[in-house]
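We count ligands from 1, going down the list as the structure has it; atoms in each ligand are counted the same way.
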Amino acid sequence: MTDTVTTPAVAGLAFAHAEDADTPALVALWERAGLTRPWNDPFADIALARRGPHSTVLVAREGTCLAGSVMVGHDGHRGWIYYLAVDPQLQGRGIGRALTIAAEDWLRARAVPKLMLLVRPDNEKVRGFYEAIGYAEEPRVVFSRRLDGK
Ligand SMILES: CC(C)(COP(=O)(O)OP(=O)(O)OC[C@H]1O[C@@H](n2cnc3c(N)ncnc32)[C@H](O)[C@@H]1OP(=O)(O)O)[C@@H](O)C(=O)NCCC(=O)NCCS
């Protein structure tokens with residue numbers, strides 16, 4: 001199984017796995033993109049996603065700048081993406097679509113048949129994005145339970 005990142009063609013961008021040194025810029029990007037929440041620790045999320053073979057964080061770089069990111073992982077059947085973010089100054093150039101394709105390819109290389117993602121109900125804008133790139137909304141009720149006591 002290859003661990004190289006498929007690079008969709010977006011002029012001037014390079015796609016790769018996040019490295020240790022990317023963590024502060026990743027968290028800053030997620031804050032600018034409005035993805036962080038007080039009850040989640042983005043530093044811990046990055047460390048956990050990069051720890052094992054079943055998940056990773058992919059980044060799109062423009063020169064030395066972090067243009068976007070997506071966290072991707074799987075549970076053996078379903079693949080999931082989280083923290084898809086494009087720098088607000090660079091949105092609308094195809095970077096979000098390219099990162100999603102890179103995540104799809106990462107999952108496809110591991111024979112994962114389906115990609116899932118959660119959208120907060122008030123995030124109308126991102127629903128339009130996922131519909132535009134070929135995702136379908138599925139009526140599901142999500143149950144959850146915190147395991148960290150928060
Ligand atoms: C969602 C996000 C990642 C999209 O990234 P982006 O780089 O701006 O999107 P792209 O330029 O790749 O857009 C791909 C396509 O989606 C379309 N699109 C984007 N936003 C759209 C919207 N709100 N409604 C309809 N279509 C939309 C684009 O027009 C484009 O279509 P085209 O290729 O036919 O022109 C970016 O807006 C973002 O970081 N948002 C904040 C963070 C966030 O909400 N993340 C998702 C968490 S679930």
If I compare all heavy atoms of Leu13 with all of Ala67, which pair ends up nearest, and what's the gap?
CD2-CB, 4.0 Å

Measure Leu117 to ligand 1 on non-hydrogen atoms and call it side chain, backbone, both or neither using the 4.0 Å cut-off.
neither

of all protein heavy atoms, closest to atom 34 (O) of ligand 1 is Arg97 NH2, 3.6 Å

Tell me whether Leu115 shares a hydrophobic cluster with Trp106, the cluster being built from Ile, Leu, Val, Met, Phe, Trp, Tyr side chains joined at under 4.5 Å.
yes

for atom 8 (O) of ligand 1, nearest protein heavy atom and its distance come out as Gly92 N, 2.8 Å

Atoms in ligand 1 flagged as close to Ala85, the criterion being non-hydrogen separation under 4.0 Å:
39 (O)

Which donor-acceptor pairs under 3.5 Å do the side chains of residues 78-88 make with protein atoms, sequence neighbours left out?
| unit_1 | atom_1 | unit_2 | atom_2 | d |
| --- | --- | --- | --- | --- |
| Tyr83 | OH | Asp45 | OD2 | 2.5 |
| Asp87 | OD1 | Gln89 | N | 2.8 |
| Asp87 | OD2 | Arg32 | NH2 | 2.9 |

Residue Arg93 vicinity, atoms of ligand 1 by number, heavy atom under 4.0 Å
11 (O)

Heavy-atom distance to atom 48 (S) of ligand 1: which of Leu84, Leu118, Asn123 wins?
Leu118

Non-neighbouring partners of Tyr135 that pass ring-ring contact (aromatic ring centres under 6.0 Å, His included), sequence neighbours left out
Tyr130

Any non-hydrogen atom of Gly94 lying under 4.0 Å from ligand 1?
yes

Those atoms of ligand 1 less than 4.0 Å from some heavy atom in Lys125:
22 (C), 23 (N)

From Phe129, Trp30, Tyr82, Tyr83 - option closest to atom 13 (O) of ligand 1 by heavy atom:
Phe129

One thing to verify: whether Arg146 and Asp148 come together as a salt bridge, which I'm taking to mean a side-chain N less than 4.0 angstrom from a carboxylate O.
yes

Answer yes or no: does an N/O atom from Val86 fall short of 3.5 Å to an N/O atom of ligand 1?
yes

Report yes if some N/O of Gly96 lies less than 3.5 Å from some N/O of ligand 1; otherwise report no.
yes

Per-atom contacts, ligand 1 versus Ala132 - under 4.0 Å to a heavy atom:
16 (O), 17 (C), 26 (N)

Could you give me the CA-CA distance, side-chain angles and deciding distance for Glu138 and Lys114, then say whether salt bridge (Lys or Arg N to Asp or Glu O under 4.0 Å) is met?
CA-CA 13 Å; Glu138 289 193 11; Lys114 188 172 185 184; 3.2 Å; yes

